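Following: one structure in structure tokens, then a few remarks.
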Amino acid sequence: MPPTSKNTSRAITHQLVSQAGVECTGSSDAALSRCLHGQGITVFDVNQPDKATRRRRGKSDIVDAEAAARAVITGRATATAKAGDGPVEMLRLFKMAKASAIKSRAQAINQLKAVLVATDPEHRKSLAGLSNPKLIRACAGLDSSASGTAGAAAHTLKLLARRIQHLTEEIEDLTTRIRDVRVRQHG
């Protein structure tokens, strides 16, 4: 049941629900779990119904909801769901963004080098032998006013270098934020 549905709101308002079983509280149903936690409802993380039951009854939200409710009522669901609003969730979000930025930066560096290999010999010669940081700085400062393929290559190198610089700044920012959360958590 979506956290905004009338039935959920009515049940919460009239305190008809004190416990709930939610599948996948760490991912797809994290918002529902947080909403229920916020209303003072104890949320249990329940596993999907076993495969035999799913085959017999079919895959449906109603079957899954019933199985989750039965798991809570019978006491089979014992893992209390995380609130998803503390330092662990902050770290998860920062680490996810950092991993994405690292992957994107590596891709942009590879693209920059591929363009460089195929570019005008003049560009190649002027940028040959530079370390990655120096190469990226040099490419970010290229004059891309020339026309034709040389101008297109210079403009592309410049854009990729600026993207790499921006992603590097993101990675550094996220590294600092991750460190700060850990320091606050562990004193």
Side-chain angles (χ1 to χ4, degrees), residues 1-5 8 20-39 41 43-48 54 59 61 64 68 77 79-120 123-124 126-144 149 151-187:
M1 204 181 305
T4 55
S5 78
T8 304
V22 179
E23 236 180 84
C24 304
T25 59
S27 57
S28 59
D29 283 332
L32 172 60
S33 182
R34 275 193 301 277
C35 173
L36 294 171
H37 268 293
Q39 298 297 321
I41 295 171
V43 179
F44 292 95
D45 194 358
V46 298
N47 296 324
Q48 291 181 336
R54 289 173 74 101
K59 163 67 178 123
D61 289 342
D64 290 348
T80 305
K82 298 174 190 157
D85 60 357
V88 172
E89 180 67 4
M90 292 169 64
L91 284 172
R92 186 187 72 77
L93 291 168
F94 290 154
K95 285 181 173 185
M96 177 187 62
K98 182 179 175 182
S100 172
I102 288 170
K103 185 176 179 179
S104 295
R105 181 179 65 179
Q107 184 179 26
I109 290 169
N110 290 339
Q111 289 171 337
L112 183 138
K113 289 184 176 184
V115 171
L116 196 55
V117 166
T119 194
D120 179 40
H123 281 303
R124 254 196 328 269
S126 68
L127 301 169
L130 297 176
S131 65
N132 276 354
K134 288 180 180 176
L135 174 65
I136 292 161
R137 272 194 303 279
C139 287
L142 285 174
D143 176 17
S144 57
T149 0
H155 187 69
T156 302
L157 289 168
K158 187 175 192 170
L159 290 175
L160 288 168
R162 287 182 175 176
R163 182 178 304 155
I164 293 164
Q165 289 173 329
H166 176 75
L167 289 166
T168 300
E169 288 172 12
E170 274 187 33
I171 293 164
E172 290 167 356
D173 173 64
L174 289 162
T175 299
T176 300
R177 289 174 185 272
I178 290 167
R179 187 195 65 235
D180 290 349
V181 170
R182 286 183 174 153
V183 166
R184 279 194 306 269
Q185 195 60 21
H186 299 294

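Keep in mind that the numbers below use all heavy atoms, side chains included, and drop hydrogens, waters and symmetry copies. The model shown is predicted, which means the values in this text are computed figures rather than measured ones.
Here the options are Ile109, Leu112, Ile136, the test is side chain to side chain contact (heavy atoms under 4.5 Å, CB included), and the partner is Leu160; only Leu112 passes. For the side-chain hydrogen bond (donor to acceptor under 3.5 Å, both in side chains) criterion with His166, the lone passing option out of Glu170, Arg162, Arg163, Glu169 is Glu170.
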- Please assess Thr175 against Glu172 for the test side chain to side chain contact (heavy atoms under 4.5 Å, CB included), listing each intermediate value before the final yes or no. CA-CA 5 Å; Thr175 299; Glu172 290 167 356; 5.6 Å; no

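In this structure Leu93 satisfies the side-chain contact (heavy atoms from CB on, under 4.5 Å) test together with Glu89, Met96, sequence neighbours excluded. In this structure, the side-chain contact (heavy atoms from CB on, under 4.5 Å) partners of Ser104, at least two apart in sequence or on a different chain, are Ser100, Leu167. Applying the salt bridge (Lys or Arg N to Asp or Glu O under 4.0 Å) test to Arg177 and every residue at least two apart in sequence or in another chain returns Asp173.
With values rounded to the nearest 0.5 angstrom, Thr156 atom OG1 is found 12.0 Å from Leu116 atom CG. The CD1 atom of Ile171 sits 5.0 Å away from the CD1 atom of Ile102 when rounded to the nearest 0.5 Å. The CG atom of Asp180 sits 9.0 Å away from atom CE of Met90, with the distance rounded to the nearest 0.5 Å. Note that CG of Leu91 is 11.5 Å distant from CG of Leu174, once rounded to the nearest 0.5 Å. Separation of atoms CG (Leu135) and NZ (Lys113) is listed at 7.0 Å; rounding is to 0.5 Å.
For the pair Leu142 and Lys158, the tightest heavy-atom approach, listed with the atom from each and the gap, is O-NZ, 3.2 Å. The two residues Ala138 and Leu130 have their closest heavy-atom pair at CB-CD1, 4.1 Å. Between Cys139 and Leu127, the shortest heavy-atom contact is SG-CD1, 3.8 Å. Pairing each heavy atom of Val117 with each of Arg124, the nearest pair is O-NH1, 2.9 Å.
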